[in-house]
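Please read the structure below before turning to the comments.
Residue numbers count from 1 along this sequence.
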Amino acid sequence: QVQLVESGGGLVQPGGSLRLSCAASGSTFSINTMGWYRQTPGKLRELVATITSGGSANYADSVKGRFTISRDNAKNTVYLQMDSLRPEDTAVYYCNVRMTITWGVTYDYWGQGTQVTVSS
């Protein structure tokens, strides 16, 4: 069982920056990949960035060069540094934690979501 608490969302102007944080607690010893997804009304939840336990990151094409994902394994926390924000980045951002249950079996936990609004 893992609990996720997100923070860091808010309102920023185009070109501004925000840093999202997601702290995991509970049975965190089996956490594998952590990541961020986002969703707007009428659209499917889309991948923003993921990072493996070893620190290998993967980004959606739309955020490459602007967003940076990182994690602190000792604190069981994943971060998303968002720079050069655009209005198109406006969405609810969800933290995701993938936990290994057993060999070949994983389970995804989701944060409560944090609103990011980019507008002038």
| field | Side chains of Val63 and Arg38 in contact at under 4.5 Å (non-hydrogen atoms) | value | yes
| message | Looking only at side-chain N and O atoms, does Arg71 offer a donor or acceptor that is under 3.5 Å from a partner on Asn73? | response | yes
| field | Over all atoms of both residues, closest heavy-atom pair of Gln39 and Lys43 | value | NE2-O, 3.3 Å
| message | Using a 3.5 Å distance criterion without hydrogens, assess whether the side chain of Gln81 forms a donor-acceptor pair with backbone atoms of Thr68. | response | no
| field | Atom pair OG1 (Thr77) and CG (Asp72), whose distance is rounded to the nearest 0.5 Å | value | 6.0 Å
| field | Cluster link Tyr109 to Tyr93, ILVMFWY, side chain under 4.5 Å | value | yes
In a table with atom names and distances, give each donor-acceptor pair under 3.5 Å that connects a side chain of residues 18-27 to protein atoms at least two apart or in another chain.
none

| note | When every non-hydrogen atom of Gln115 is compared with those of Ala91, the smallest separation belongs to NE2-O, 3.4 Å
| query | Measuring from Thr28:OG1 to Met34:CE, what's the distance to the nearest 0.5 Å? | reply | 9.0 Å
| Ser120 and Pro14: which non-hydrogen atoms are nearest, and at how many Å? | N-CD, 3.8 Å
| ILVMFWY network linking Ile31 to Leu4, side-chain heavy atoms under 4.5 angstrom | yes
| request: Without swapping roles, check the side chain of Tyr59 against the backbone of Ile69 for a donor-acceptor pair under 3.5 Å. | output: yes
| Rounded to the nearest 0.5 Å, how far apart are CG of Asp89 and OG of Ser119? | 12.5 Å
| Transitively linked via ILVMFWY side-chain contacts under 4.5 Å: Val97 with Tyr107? | yes
| said: Show the nearest heavy-atom pair for residues Ser30 and Met99, with the distance to one decimal. | reply: OG-CG, 2.6 Å
| Closest approach of Ile51 and Ser70, non-hydrogen atoms and distance? | CD1-CA, 3.8 Å
| For the side chain of Thr90 and the backbone of Val118, is there at least one donor-acceptor N/O pair under 3.5 Å apart? | yes
| query | Does atom CD1 of Ile101 have more than 12 heavy-atom neighbours from other groups under 6.0 Å away? | reply | yes
| Candidate pair Lys64 and Asp61, rule salt bridge (Lys or Arg N to Asp or Glu O under 4.0 Å), full reasoning | CA-CA 5 Å; Lys64 286 181 179 177; Asp61 289 341; 3.0 Å; yes
| Can you list the other members of the hydrophobic cluster that holds Leu47, where links are side-chain heavy atoms under 4.5 angstrom apart? | Tyr37, Val92, Tyr94, Trp110
| Roughly how far, to the nearest 0.5 Å, is OG1 of Thr52 from CG of Asn58? | 10.0 Å
| field | Note: Arg98-Asp108 ion pair, threshold 4.0 Å (strictly below) | value | yes
| task | Mind listing the closest non-hydrogen atom pair of Cys95 and Val78 along with its distance? | result | SG-CG1, 3.7 Å
